[in-house]
S.K.: 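Before anything else, here's the structure in question.
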Amino acid sequence: MKSILIQNGHVVDPANQIDGEADVFIQDGKIVKVGKGLKVKADQLINAKGKIVTPGLVDIHVHLREPGFEYKETIASGTLAAVAGGVTSVACMPNTNPPIDDQAIVYFIKSKAEKEGHCHVFPVGCISKRREGAEMSEVGELKKAGAVGLSDDGAPIMNAELMRRVMEYAKMHDLVVIDHCEDMDLSNNGVMNEGHASTVLGLRGIPAASETVMVARNILLAEMTGAKFHVAHMSTAGSVELVRQAKKKGLNVTAETAPHYWSLSDKSIKNYNANFKMNPPLRSEEDVAAIRKALKEGIIDCIATDHAPHSSTEKQCEFDEAAFGIVGLETLFAVTYSHLVEPGVVSLSRAIELLTTAPSKIVGINKGTLSEGVDADVAIFDITTEKKVDVNQFKSKGRNSPFNGWNLRGWCELTIVSGEIKFKSGE
Amino acid sequence: MTSKVKAVVMEAKDIERALTRIAHEILERNKGIKDLVLIGIKSRGEVLAERLAVKIKSIEGTEVPCGALDITFYRDDTDTHQPDKAPEQTELPFDVTGKKVILVDDVLYTGRSARAAIDEIIDFGRPTAIQLAVLVDRGHREFPIHADYVGKNIPSSAKEEVLVRVKERDGKDEVVIAESEK
Amino acid sequence: MTWKSKDLLTLEELSASEIQTILDTASSFKEVSTRSVKKVPALRGRTVVLFFQEPSTRTRVSFELAAKRLSADILNVQTASSSLVKGETLIDTLKTLESMTIDALVVRHKCSGVPLMLANMTNATVINAGDGFHEHPTQGLLDLLTIREQKGKIEGLTVTIIGDITHSRVARSNIHGLQKMGAKVRVCAPTTLMPMGIEKMGVEVYHDLDKALKDTDVVYVLRLQLERQKKNLFPTIREYSILYGVTNERLKRAKKDAIVMHPGPMNRGVEISSGVADGPASVIDEQVTNGVAVRMAVLYLLKGEKTQGENA
């Protein structure tokens, strides 16, 4: 395998406290050295002057849709979208068909990813068999096969007793329990956040309490069981407060949020455009402010996209009938940079941490660093050139982005996965 | 659209005389007022019809029924024409069937308004006759329509406008030729 | 009076002067409905599609009559007879209709926002005949016309809307329309039928009917969807009727000359007593009459450019 030397870039590697101009030397798919003015011979030189060089981003909340929904996305198209966004590791959610509730599906996804994928793929196993929320899946076997966490994502665990048992059992297997926190009864078939905006639009509302109530229940169960519990796509001010208290108590509770929860609110929903429909829904401006504050204060541990591709038929229809979810991999860094770093909510190196080491730690994978000897997963970003988001240029099969047409900075120039260039902008 | 007045072609006295003559002509031709009704086209035709009714009453001593049409819904240019005000109501306080209708308008030009008015009247019933009385005939007909009673023929250019002003609406009785400034 | 917009989707987007124009035009059309030949040729040769994807008799019949009195050709496309039930998407159905060169589409749909979505995808005029819980602009307009006729004005009046505000498109259109025309709007409902953030729409919120009715010029009673009871939005129809049913006794709290309105169909003895519905204050029949006139006015004003052939 050939060697690569990335020269003169601004390297940001929070795990190793690097934040300045340096070179990165890659050989045989591994990081060999990061340092200033490296005197080494390499097969390929990459000039990264004026660019940001980071560990490949890690997104622990992605829907690759395969198997079962290949018309929305495949492992091939989803991982290509990932590397186009500078993401080199994804944890994929188990709401496939069949769902990832036994070893066979884990193996299928891993082998497919190896053959057709463009980045590292870490499956998340189901909490319950067939994602029905009734019986626990074979958690031990899933772990053995390579699942990095447990979730019935898309479907919350309404049965508190099941959640308790899964937490107890997952703890024994050192697996994090990730819950899509939502009380379905409170959501009551709602399609957007309940508040002034839903009242004016005449759309059925999902109250903020529908998420917050479940976060509270799960934190109490995590306290009781001592399990590692992770709040998926946190969106409300109330959840932020609960996680803050849980952390103060020293519980094993972490939380993620997605770029749309700090860059958009329920007031952004215009013309009943279903590309603004996701679950949890875009919340009130007060919630958005709380999410930004939580990112600043470290109450939220990491950023994940909840990349949820859908076909155009599922989105270009009645808002009530449209599928929940938006794509996010290809705009992840640009929205983070332009709407979190540039306004000064977090520093660049903190943003990189939220996108690399922090998520890796939650699911327990050795990713998100440029430490010597690790897989050479590297991303190079241009943070000076402004470019318009154009969904038609997406590598993902999904075009369902609320950010279409936005002018953003922070676009991925080049992505290296295990020492191989997997994406180069303009190619 | 504003207009610059070029000439006053009829003053109040002229209008008065013309209407008196038309009233006499109507009575002469119809041999009295039996079954006669006056229908003005809104808005100035309505005013002129009411004045003719007063004159006829002063000659014959009997009231002639008077109505008014708003022809907006019968126009043939509704695809391109944006009216500058909301349409008004048509008021026909009598049945037109069996009547001799004197249709009254201020200016006869292309004949399209008269066509619309005739169509509208026919939707209300079957008059025995419809006759047309206008204060001014300015030519440039586009339809085979002629006036039975004309106050004054005023040959004009298509670039000009002939404006009839009446006291009741405009504060002053006069007919002017104006340059249209589009 | 120039009419710019291609569609009528909401009262929220209309200005006071545009509403005024529609009401003035509607007044003229009322006269047409009193003629022996109740028809004018204003929309001759136009095709109006009544695209009703939710059961509705009143509104559909009213639009149909309005279009017929304007001499338009009418095509009824309803849920049962449309291909929507066969799984065709809304967009494909729209494209099919559009290929038949239609001029106007009157849309009723159970999902909020559908008329707006369709309007963005077609050159035809789209008229919202009620979408989900969002708006019902022609109902709002006919209500405004009725109030203006009965009271001689709208500005300065106090209008109290009583009932299920959460699920009412009629309430939303009336709130927008009445406020634009200078009326003060109160809403009165149990807390469970009052949507979150409604006060931000500039209305006064009441839960006590007697207080809400005090000094009211117009009492607007909404229809109660009886099946909402199963969703725990009120305990029983009996209790709702006791707390929020408008009776002659309770009407005494309103102004002496107050009028009572209802969009129909009524649940007599639930939200409104027969005594009120048939009493001297009721202008419910007038609302229906004005519905045809308002819809004629809207169809007439929005008729736009005539559809040409595909390549013209």
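These values consider heavy atoms only, across backbone and side chains, with no hydrogens, waters or symmetry-generated copies. Note on naming: letters A, B, ... go to the chains in the order of the sequence lines (proteins, then strands), and numbering restarts at 1 for each one.
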S.K.: Might you work through the side chain to side chain contact (heavy atoms under 4.5 Å, CB included) test for C:Val40 and B:Tyr74, ending with a clear yes or no?
M.R.: CA-CA 7 Å; C:Val40 292; B:Tyr74 286 78; 3.5 Å; yes
S.K.: Determine whether more than 12 heavy atoms belonging to other residues, nucleotides or ligands lie under 6.0 Å from atom CG of B:Asp35.
M.R.: yes
S.K.: For a quick test of reading the model, state the closest non-hydrogen atom pair linking B:Gln89 to C:Ser27 and the distance between them.
M.R.: NE2-O, 2.8 Å
S.K.: Just say parallel, tilted or perpendicular for the rings of C:Phe29 and B:Phe73, cut-offs at 30° and 60°.
M.R.: parallel
S.K.: Near B:Glu60 CD, under 6.0 Å, is it more than 12 heavy atoms from other residues, nucleotides or ligands?
M.R.: yes
S.K.: Which pair of heavy atoms, one from B:Phe124 and one from C:Ser36, lies closest together, and at what distance?
M.R.: O-OG, 4.3 Å
S.K.: Once rounded to the nearest 0.5 Å, what's the spacing between atom CG of B:Asp123 and atom NZ of C:Lys38?
M.R.: 12.5 Å
S.K.: Count the heavy atoms belonging to other residues, nucleotides or ligands that lie under 6.0 Å from CD of B:Glu11, then report whether that count exceeds 12.
M.R.: no
S.K.: How about B:Glu142: does its CD atom have over 12 heavy atoms from other parts shown lying under 6.0 Å from it?
M.R.: yes
S.K.: More than 12 heavy atoms of other residues, nucleotides or ligands under 6.0 Å from NZ of B:Lys100: yes or no?
M.R.: yes
S.K.: Does a side-chain heavy-atom distance below 4.5 Å link B:Glu120 with C:Arg35?
M.R.: yes
